[in-house]
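The structure appears right after this line, and notes come after that.
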Amino acid sequence: MGPLSRRQFIGRTTLAGVPVLLLPGTASSWMSRSAEEPVVDTPNGKLRGYRNNGVTIFKGIPYAGNVSGRMRFRKAGPVQPWTGIRDATKLGHPSIQPPNQTYGLNEPDPAEDCLVLNIWTPATDGKKRPVMVYNHGGGFRTGSGGSTAQDGSNIARMYDVVVVATNHRLGLLGFLYLDELAGEEYRGSGNRGVQDIAVALQWINENITLFGGDPDNVMIFGESGGGMKTSCLYAMPEAAPYFNKASIESGPGVTMIGAEIAAQTTRSLLDYLNISPNRWEKLLKVPAEKLLEAQGNLPTGPGGLSGGFRGIGGSGPGSFGAVVDGVVLEEHPFEPRAPEISRDKPLMVGWNEDEYIFFALYGDKEVFTITREELKSRLERDFGDQSDLILRTYQEAQPELTPGQTYIAIRSITMMGLGSIRIAERKSIQGGSPAYLYNFGYKSNDKVPGTDFEIGTMHALDIPFKFFNVEGGMAGTRPDRFEAARNMTGLWTSFARDGKPAAAGQPDWPSYNMDTRPTYRIDTHCEVIYDRFRPERMIWEEVYGNLQHSFQSGA
């Protein structure tokens, strides 16, 4: 078989993770849906879900009104009531996005009207369980809450929690900044995607007791783009009343797009579509498919530093993501400080040890076999006259790494690690509720397609582990993967329950502080490592300080 495409690889790994009670030797009986069809009577109408292996599941529940037609680019209105019993046994539409970017079973095609959520609960019995609201990855452009790898059945069953995942507007339809062109109804348009999640959180607050959840004990969490969305929600007044704790995973949104850059992107879009700014309202009638085409063809420009201690949220013109607009998002999530609005909300933040392997899969396979000279050339390209200092630091700190592994380590920490550290630092300095910094380190033995290079702890590998969906696929075949999954799910669900992450039989996880800088490494056996990556962190402080100076001075 030839090399797998990105779609084939992710599809294979996520479909392999369709949930069963994931213990070694368990029969794959996930398809056995019971005859019971639970019905919940919500304020908007009745919903019929289904029972599956001890979990009650509702899918495609509308949490807001339509956002197409005259409602395009506006804040979502309320849910429209229905009569009779609405079927809630199938996934709803994902947001408009490029093809083949969602990974749910029998998932319908993307559509503009996509504001739905899925719920996994042990029972609709009035019990007040912790609620875990997941923000899916895919940057700000792709993905859905229906991916099989993030199915909430197993952790709902095993830990007696309620899991919720949302669909929300993405890309241009979710983040087109019109505040400087349109009227009051369009203020905040550059943040509709994250505002949709805030609307969903309000719906959860008002309705989750009907599904066995506690509206006063809600955790938000997300990976990659979902981590950036979680970073935004952590700083958003509109979301603040509806959650109590958060986890930012491999997606440190320290900064987001500035309004000036977002306005440039809007002008580029209008130019592409041959629409004058004073006729911007023509955008309301452009077919969604045409807008998606335009989104993929806009010229892009530099946005200053990407990655590093500034996180991965900021981007240059031509990109779509959350905007610091002074309306929905009043300031950068963690720049220059942790948001005061969430002072009393505990926070977990961290990244995977081998993040870059995921990105190399789809555009940099040469990294797996580069020589020492090729490594030097890459670093010179990326960091100019700072490259010798970087290489020397890594050779001294991690001498066992091959040239390819060294480059993967460098890109992994600069993409995801430094921003995560910065968030933990600023949350700690704030002096409110604690921050907990982690590294996920379990190594999958699944191979990079077409090579003998293992995927290790690449970007997104944490998803099946924190949902205990590790029966196959990218989690690998080692029997000890179940132990790592038990540890990770135990930590996440205990944090959801009481704001303190803990796993049975594993060491205590101390909160982050600027003196000892504890990092919790998650694996089959967890450990606390104090000031992990200290030499690397110190050199990156210097390198990024110099790069920022060069950027600001125009050098």
Side-chain angles (χ1 to χ4, degrees), residues 6-7 67-68 72-74 94-102 109-112 114 137-144 168-182 186-196 224-225 228-229 232 251 253 255-307 310-325 327-329 332 359 362-363 415 551:
R6 182 177 188 273
R7 169 67 182 178
V67 287
S68 61
R72 181 183 281 179
F73 307 126
R74 296 191 191 186
S95 176
I96 294 290
Q97 58 191 281
N100 300 322
Q101 297 299 309
T102 61
D109 291 337
E112 281 197 70
C114 61
F140 289 100
R141 290 184 177 229
T142 66
S144 77
H168 39 270
R169 281 173 282 185
L170 299 169
L172 185 158
L173 288 165
F175 299 97
L176 180 64
Y177 180 71
L178 293 171
D179 291 36
E180 297 176 7
L181 296 177
Y186 296 91
R187 280 175 56 80
S189 61
N191 283 304
R192 293 299 184 230
V194 287
Q195 192 176 47
D196 289 343
S224 192
M228 290 187 281
K229 296 165 195 171
C232 293
T255 64
M256 292 294 146
I257 298 172
E260 182 178 342
I261 289 177
Q264 291 180 44
T265 299
T266 302
R267 289 193 293 271
S268 293
L269 173 69
L270 294 172
D271 288 344
Y272 181 88
L273 295 171
N274 196 29
I275 296 173
S276 64
N278 62 355
R279 299 298 304 277
W280 67 268
E281 68 275 6
K282 287 185 175 182
L283 290 171
L284 302 178
K285 296 184 178 180
V286 176
E289 295 75 14
K290 180 68 174 178
L291 293 178
L292 184 62
E293 174 195 302
Q295 174 183 299
N297 286 290
L298 294 185
T300 58
L305 295 180
S306 60
R310 297 175 65 84
I312 59 174
S315 297
S319 61
F320 291 96
V323 180
V324 182
D325 60 1
V327 180
V328 176
L329 190 60
H332 292 292
F359 302 95
Y362 311 115
M415 293 177 73
F551 173 72

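Just so you know, residue 1 is the first one in the sequence shown, and it goes up from there.
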Rounded at 0.5 Å granularity, tell me how far CD in Glu112 sits from CG in Leu173. 5.0 Å

Looking at Val286, is its backbone amide N or carbonyl O close enough to the side chain of Arg72 to form a donor-acceptor pair, meaning the two atoms are under 3.5 Å apart? yes

Take atom CD in Glu260; do more than 12 heavy atoms of anything else shown fall under 6.0 Å from it? no

Nearest 0.5 angstrom please: Gln195 CD to Leu329 CG, how far? 11.0 Å

Sub-4.5 Å side-chain heavy-atom contact between Pro98 and Thr142: yes

If you round to the nearest 0.5 Å, how far is CG of Leu176 from CG of Leu291? 8.5 Å

Regarding Glu293 and Tyr272, do their side chains bring together a donor and an acceptor under 3.5 Å, going by distance alone? yes

Nearest non-hydrogen partners of Ile257 and Ser319, listed with the distance: CD1-OG, 3.8 Å

Distance in Å, Phe320 CZ paired with Thr265 OG1, rounded so as to fall on 0.5 Å steps: 6.0 Å

Counting neighbours of CG on Asn278 that are heavy atoms of other residues, nucleotides or ligands and sit closer than 6.0 Å, is the number greater than 12? yes

Of Leu172, Ile96, Asn297, the residue whose pairing with Leu292 passes side chain to side chain contact (heavy atoms under 4.5 Å, CB included): Ile96

Rounded to the nearest 0.5 angstrom, the CG-CZ distance for Asn274 and Arg279 is 12.0 Å

Do you see a donor-acceptor pair shorter than 3.5 Å between the side chains of Gln264 and Arg267? no

Distance-only, no hydrogens or angles: does the Ser95 side chain make a donor-acceptor pair with backbone N or O of Leu170 under 3.5 Å? yes

Do the side chain of Thr255 and the main chain of Arg310 share a donor and acceptor less than 3.5 angstrom apart? yes

Non-hydrogen side-chain atoms of Met256 and Phe175 separated by less than 4.5 Å: no

Please examine the side chains of Asn191 and Cys232, heavy atoms only from C-beta on, and report whether any two atoms are closer than 4.5 Å. no

Taking Ser268 for its side chain and Gly318 for its backbone only, find out whether a donor-acceptor pair lies under 3.5 Å. no

Donor-acceptor pair, Glu289 side chain versus Pro287 backbone, under 3.5 Å? no

What one should report as the nearest heavy-atom pair of Leu270 and Pro277 is CD1-CA, 3.8 Å

Short side-chain to backbone donor-acceptor contact, Asp179 and Arg187, under 3.5 Å: no

Decide yes or no for Tyr177 and Asp325: does some side-chain heavy atom of the first lie under 4.5 Å from some side-chain heavy atom of the second? yes

CZ on Arg192 to CZ on Arg74, rounded to 0.5 Å: 9.5 Å

Which pair of heavy atoms, one from Ile261 and one from Gly316, lies closest together, and at what distance? CG2-C, 3.5 Å

